[in-house]
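See below for the structure under consideration.
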Amino acid sequence: MRDLWETAKEFAAEEDAVGVVEIILILVVLIGLVIIFKEQLTALVQTILAKITKQSNSI
């Protein structure tokens with residue numbers, strides 16, 4: 001019974017490490033996409049903010 005408990009604890013610890021690696025890989029991909037499309041994202045945000053400002057002045 002003790003072996004089963006130890007095996008379960010090791011498996012849980014191992015799965016946590018995989019989750020951390022997955023999160024790190026997802027963050028790396030997202031940061032890479034932001035770097036690649038930085039100019040387009042900046043232009044999009046500026047356009048959206050300009051529309052919000054323009055429409056808020058008309059209220």
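We number each residue from 1, following the sequence as shown.
Criterion: ILVMFWY side-chain heavy atoms under 4.5 Å apart, direct or through other members. Under it, Phe37 and Val29 are part of a common hydrophobic cluster.
For the side-chain contact (heavy atoms from CB on, under 4.5 Å) test with Leu27, the passing option among Ile23, Leu25, Ile24 is Ile23; the others fail.
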Ignoring hydrogens and angles, write down the donor-acceptor pairs under 3.5 Å from the side chains of residues 40-49, residues two or more places apart or on other chains.
unit_1: Thr42; atom_1: OG1; unit_2: Lys38; atom_2: O; d: 2.8
unit_1: Thr47; atom_1: OG1; unit_2: Ala43; atom_2: O; d: 2.8

- Message: Pair Leu30, Ile26 - check side-chain contact (heavy atoms from CB on, under 4.5 Å), show working.
- Response: CA-CA 6 Å; Leu30 288 175; Ile26 290 169; 4.1 Å; yes

